[in-house]
Amino acid sequence: LLIADAASKGANVLVALLIARYLGPVLFGKYAIAASVCGLFMMITGIGFEQEFTRRGGIDKNAIPQNLIANHMAIAITSVVSYLGMFIFFSFGVYSKDVVTVGLILGVALVVMRFHLPFRHLCLFLNKSNVTAAIQSISTFSIVVITLAIISLNGSLTTIVSSQLAVAAGILMIWCWWVPKNYFSAQPSTTQLVDFFKKSIPFAISNILWIAYFNFDTLMLSLLRTEGEVGIYAGVYRIIGINYIIGYAITNTF
C-alpha cells in the first residue's frame, strides 16, 4: 500500500510535468488554473466523511454497510453543491473557454475519484489493504500510459483530462464489482445521515484548510498574471513537490 501510495502521488506530478514539458507552459497554465479552481470548489467533498466512516467502522463493524451508504450519499450531496458552485463561478467569464472546458471535465473526474475513498477505507476494516494497493496501482499505471500515448499522438489537453475521467470511472466500476453486494443494501434514515454529517465536522476543518492551501495561490495568481506565467509557477511547484511525495505516502499509509 505504501508503494502504491507513493506511485500514485508520483504519477500525479509526472502527468503534470509531462503536460508542462510537451504541451508548453501556456497549456499547462490552463490545466493548473482549472485544477486549482476545481480543488477549491471540491473542498466540501473532502469534508471528512471517509474518516467518520473509518471511526464508525472501528467501533461497530456490523454497521459498516449502513455507514458506507451514508458516506456515499454525503459525497453525492456535497458534490452536487460543489459542482454547481464551480459552474456558476466559470459562468462569470473570468477565464478562457479552454480553461472552463478543462475545469468542467476535471471537476467530474474529481467527483468520481471522491467515490473511490470509501472503498479504500472499507478495505481497512476487512484487512484487505492489498486490494486497495492493487486497484490503485492499476489506476496509476493506466493514467500514466494513456497520458504518454495521447502526448505522443499530439492529443489535446481536453483529451488528456477526459482520459483521466474515463480511468476514474473504470476504477469505480472495479470497486463496485469487488464490494460484496449486501453492502449496498442498507438504507440509512435522514436522521442518521444528518448525524453522519455532524460527526464529520471536526476533521473537516483541518482537511479543508489543507486543500485550500495547495490551491488558493494558483487561483489568485491566475487572476493577476497570464496563463503562461501561471504554468511556469505551477510547473516549478510540481518539481518541488516531488520531494515530499514519499514522506506523505508513508504517513498517509500509517
Side-chain angles (χ1 to χ4, degrees), residues 8-46 78-116 139-140 142-172 211-212 214-239 241:
S8 177
K9 302 301 178 187
N12 290 335
V13 174
L14 177 60
V15 168
L17 293 180
L18 285 172
I19 294 173
R21 170 63 179 82
Y22 293 101
L23 300 186
V26 175
L27 283 180
F28 181 61
K30 294 178 179 180
Y31 177 81
I33 292 169
S36 66
V37 173
C38 287
L40 284 172
F41 276 93
M42 292 298 164
M43 284 192 303
I44 191 174
T45 65
T78 53
S79 294
V80 171
V81 174
S82 298
Y83 198 84
L84 285 176
M86 184 177 67
F87 184 83
I88 294 172
F89 176 75
F90 277 138
S91 68
F92 287 121
V94 178
Y95 299 114
S96 65
K97 182 180 178 180
D98 290 339
V99 173
V100 173
T101 301
V102 171
L104 293 176
I105 297 174
L106 189 59
V108 177
L110 291 176
V111 168
V112 175
M113 291 177 187
R114 285 297 304 169
F115 283 97
H116 294 182
S139 175
T140 300
S142 300
I143 289 175
V144 172
V145 170
I146 293 174
T147 301
L148 285 170
I150 293 173
I151 289 175
S152 66
L153 295 173
N154 298 317
S156 64
L157 179 60
T158 302
T159 305
I160 292 175
V161 178
S162 297
S163 69
Q164 294 178 2
L165 171 57
V167 171
I171 295 300
L172 182 59
I211 296 172
F214 285 99
N215 290 283
F216 190 71
D217 55 348
T218 302
L219 176 66
M220 292 302 297
L221 191 65
S222 70
L223 299 175
L224 302 171
R225 294 289 185 266
T226 65
E227 293 171 342
E229 289 178 286
V230 174
I232 293 171
Y233 171 83
V236 172
Y237 206 93
R238 293 297 193 284
I239 294 173

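If you read the sequence from its start, that first residue is 1, and numbering goes on from there.
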**Request:** Mind checking the CG-CE spacing from L106 to M113? Nearest 0.5 Å is all I need.
**Result:** 7.5 Å
**Item:** Over all atoms of both residues, closest heavy-atom pair of M86 and G107
**Value:** CE-CA, 3.9 Å
**F28 to G231 - nearest heavy-atom pair and separation** = CD2-O, 3.2 Å
**Prompt:** How about Y22 and N154: do any of their side-chain heavy atoms sit closer than 4.5 Å?
**Reply:** no
**Prompt:** From R114 CZ over to L110 CG, what is the distance, rounded to the nearest 0.5 angstrom?
**Reply:** 9.5 Å
**Item:** D98 side chain reached by T158 side chain, heavy atoms, under 4.5 Å
**Value:** no
**I146 side, atom CD1; S162 side, atom OG - distance, nearest 0.5 Å** = 11.5 Å
**Request:** Answer whether the closest heavy-atom distance between the side chains of H116 and I171 falls below 4.5 Å.
**Result:** yes
**Fill in**
Output for pair (I150 CD1, S156 OG), nearest 0.5 Å, gives 8.0 Å
**Item:** Side chain to side chain, V144 and L148, heavy atoms closer than 4.5 Å
**Value:** yes
**Item:** Spatial distance of atom CD1 (I19) from atom OG1 (T147) [nearest 0.5 Å]
**Value:** 6.5 Å
**Asked** Got F87 and L104 here, is their nearest side-chain heavy-atom distance under 4.5 Å?
**Response** yes
**Item:** side chain to side chain contact (heavy atoms under 4.5 Å, CB included) between F41 and L84, worked out
**Value:** CA-CA 9 Å; F41 276 93; L84 285 176; over 6 Å; no
**Request:** Check M42 against Y83 and note the closest heavy-atom contact, atom names and distance.
**Result:** CE-CD1, 3.8 Å
**Asked** Once you round to the nearest 0.5 Å, how far does CG of L221 lie from CD of E229?
**Response** 7.0 Å
**Item:** F89 CZ: over 12 foreign heavy atoms closer than 6.0 Å
**Value:** yes
**Item:** Closest non-hydrogen atom pair, T140 against A11
**Value:** CG2-CB, 3.3 Å
**Check: F90 and V37 side chains under 4.5 Å, non-hydrogen atoms** = yes
**Asked** Taking all non-hydrogen atoms of both residues, which atom of S82 and which atom of T45 are closest, and how far apart?
**Response** OG-CG2, 3.7 Å
**Request:** Indicate the ring-plane relationship of Y237 and Y233, choosing parallel, tilted or perpendicular according to the 30° and 60° boundaries.
**Result:** tilted
**Message:** Looking at every non-hydrogen atom in both residues, tell me the closest pair between A32 and T218 and how far apart they are.
**Reply:** O-CG2, 3.9 Å
